[in-house]
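Okay, so here's the structure we're looking at.
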Amino acid sequence: MLARSKLPLVGLLILLGACTDTSAAPAPDLAQEEAVLRALKSDTWPGIYAANDADALAAFLADDFVLIGGGVRTKADEVDWMREHSWSAPEDFRFEVDDVIFLTPDSALVYGRGLSTRETEDGTPCQHSYTSSNTLRRTADGWHAVSSHVSDATCAPDAAED
């Protein structure tokens, strides 16, 4: 009698096992994601600023975004700034990504240098550079910037002018 009473339980366990997907979600191709993140940092993000596209910036930055560099700015601060100002990017501006470090499959640290030719306050040509580290998070609709830290901004006199 005991054996017969266990049959419904065994059947239920088999049914539950068949209905339960125990396979993990496929792991993202990190080499492909690294290429995506490098392009986001070196092309997409600067392109949003160069186009002064506040709506694209609002879509790209995560709601909890913070920018640290000479103070702390939120997503709202950054989007509002873009709506009220125009970033005049130097024609030769480029961002060189040094590395992409995956913290998890859906979060990464991207760091490198921004470089361009500019002028000092007195009009002297200089080579501008800064260091930046950026944390990005992947959601269902793509990668979004969570934080950006900018430091070591310098504008060294242009060697060609000496």
Aromatic ring pairing Phe95/Tyr130, orientation class (parallel under 30°, perpendicular over 60°, tilted between):
tilted

Can you label the angle between the Tyr49 ring and the Trp81 ring as parallel, tilted or perpendicular, going by 30° and 60°?
tilted

State whether a side-chain donor-acceptor pair under 3.5 Å links Thr154 with Asp152.
no

Do [X] and [Y] have side chains that approach each other closer than 4.5 Å (heavy atoms only, starting at C-beta)?
X	Y	value
Phe65	Val146	no
Val150	Ile68	no
Phe93	His128	no
Lys41	Asn134	yes
Gln127	Thr117	yes

Look only at the side chain of [X] and the backbone of [Y], and say whether a donor-acceptor pair between them is shorter than 3.5 Å.
X	Y	value
Asp53	Ile48	no
Arg94	Ser42	no
His144	Ala59	yes
Asn52	Trp87	yes

Summary of salt bridge (charged side-chain N to carboxylate O under 4.0 Å, His left out) pairs that have at least one residue in residues 104-117, sequence neighbours excluded:
Glu96-Arg113, Asp98-Arg113, Asp106-Arg138

Contacts satisfying salt bridge (charged side-chain N to carboxylate O under 4.0 Å, His left out) that involve residues 81-93 (not counting sequence neighbours) are Asp55-Arg83

Could you check Ser133 against Leu109 for side chain to side chain contact (heavy atoms under 4.5 Å, CB included), going step by step and ending with a plain yes or no?
CA-CA 7 Å; Ser133 63; Leu109 175 69; 4.0 Å; yes

Using the test salt bridge (Lys or Arg N to Asp or Glu O under 4.0 Å), find all partners of Asp63 that sit at least two apart in sequence or belong to another chain.
Lys75

Between atom CD of Glu78 and atom CG of Leu67, what is the distance when rounded to the nearest 0.5 Å?
5.0 Å

Would you please test Ile101 and Tyr111 for side chain to side chain contact (heavy atoms under 4.5 Å, CB included) and show each step?
CA-CA 9 Å; Ile101 300 170; Tyr111 67 92; 3.9 Å; yes

